[in-house]
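Each remark here refers to the structure printed beneath this line.
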Amino acid sequence: MSELHLRQSTLPASGPATISVFASPTSWIESDAHTQCRQVAALDGMIHVAAMPDLHPGKGAPIGAAMTSRLLYPFLVGSDIGCGIAVFPIRLKRPVPEKLAARFPDLDRPLHPEHDPDDPAWTVVTGEIPAGHVEGLGTVGRGNHFVELARIGAVLDPAHAGRLGLAAGDLVLVVHTGSRGLGERILREHTERHGAGPAPDPGAYLARHDEAVRWGALNRRLLAARVAYALGGAPTEPIVDQCHNLVEVRDGSYLHRKGAAPGDGRDVLIAGTRGTPSYLVAAHAGPEANYSVAHGAGRKMSRADALRRGRAKHTVEELRRTPVGSLVVCGDRQLLFEEAPGAYKRIEQVIGDLVEHRMATPIATTVPLVTYKTADLAVGSRRDERRRRGRR
DNA sequence: ATGTAC
């Protein structure tokens, strides 16, 4: 009887490539995303498209998919090469969201080796900066990127959580960001010459891609260190750090992941939203899933729809103070609406689909306390006011 | 998701 649960829906593919969708029939997936999966499956050299339960339409290619091919297609990774989610343990004395939100540093302001040589966050940089790319280091970016202080909520696999050094109530920093301008430049330089076509010299693309992947991982460590110092903690090694936009050579073909995390025996944080928990899972996805799992709740609405509907439904204050009691640092009203929890699918449904298809086992949830999206104008003006009054 | 142009 479990056989039924193991089977995933299959979309008719126009070419020889196969498509598997790992979502239960009750999980709503926008039809444009299915269309994009068929378009990808029809590309020259495609072997198999695995769609995750957080599948949604992207720019040209679906987001939430793992795609194998005999040719390397840079656009199937996208511009944010190396984007991923890392989890860093942190110890703080009294985690009061209101106080900590005001202490988050400006993560839109880059750290520059020459302009900020004394910033303590540099201690996490031990080797060379990948590609020698110093622009934008230590910045979080926009869109769905964030840095979040969270506490471990439900512990669903105590033994596994224990091996990671986690117990209920512990604090972590969750960092979701990528390679900023570097990955964007790498894709643009390919697209200017070859459009959506495959890389004529896969090795040359892969060399630059690998640098962007390393840059993304370094950026997540820098961000965690910046925030840890600002909140009165200390930098730590990540206990989880998986990249969900990348390509790897596997079994002689190219496995492209776009909004899909490596799922072959690794621990992954699957992001919820800025008002719901996220799930730390042990991923064990097989070949049908292209060894991948979902990377987050997945957008339910386009940014335009979320903005339009959010404005009618929510006040800014509702979105800055979430249903789980956390605070969202975001001085950009539009981004606040675009990233509202209601613009995303229910994370429990996404995790449920992964569990049903035996692709992942939940370890623990992380519950947001403070999520940083972009500099809060109110905080800046309060600081200025204090300075004017001479209270340092 | 991005830097940059409108």
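Just so it is clear, the values below take in all heavy atoms, side chains as well, and ignore hydrogens, waters and symmetry mates.
If you take NE2 of A:H176 and P of B:dA1, they are 7 Å apart, rounded to a whole angstrom. Rounded to an integer number of Å, the gap from CH2 of A:W215 to P of B:dA1 is 16 Å. In this structure, CG of A:D108 is placed 11 Å from P of B:dG3, rounded to the nearest angstrom. The distance from atom CG of A:L137 to atom P of B:dG3 is 12 Å, rounded to the nearest whole Å. Atoms CD1 (A:I81) and C1' (B:dA1) sit 12 Å apart, rounded to a whole Å. The distance between atom CD1 of A:I186 and atom P of B:dG3, rounded to the nearest whole Å, is 13 Å. Taking atom CG of A:L246 as the reference point, atom P of B:dA1 lies 16 Å away to the nearest angstrom. Nucleotide B:dT4 holds its C1' atom 16 Å from the CG atom of A:L187, rounded to whole Å.
A:I29 places a side-chain heavy atom less than 4.5 Å from the side chain of A:K345.
Within the structure, every side-chain polar atom (N or O) of A:R142 is placed at least 4.0 Å from both OP1 and OP2 of B:dT2. In terms of phosphate contacts, A:R188 brings no side-chain nitrogen or oxygen within less than 4.0 Å of OP1 or OP2 of B:dG3.
Using a 4.0 Å cut-off between charged nitrogen and carboxylate oxygen, A:R208 and A:E211 do not count as a salt-bridge pair.
Residue contacts for A:R185: at a heavy-atom cut-off of 4.0 Å it reaches no nucleic acid atom on any strand shown.
Ring geometry, A:H115 versus A:H112: the interplanar angle falls under 30°, so the pair is classed parallel (tilted spans 30 to 60°).
No hydrogens or angles considered: a donor-acceptor pair under 3.5 Å links the side chains of A:R142 and A:T374.
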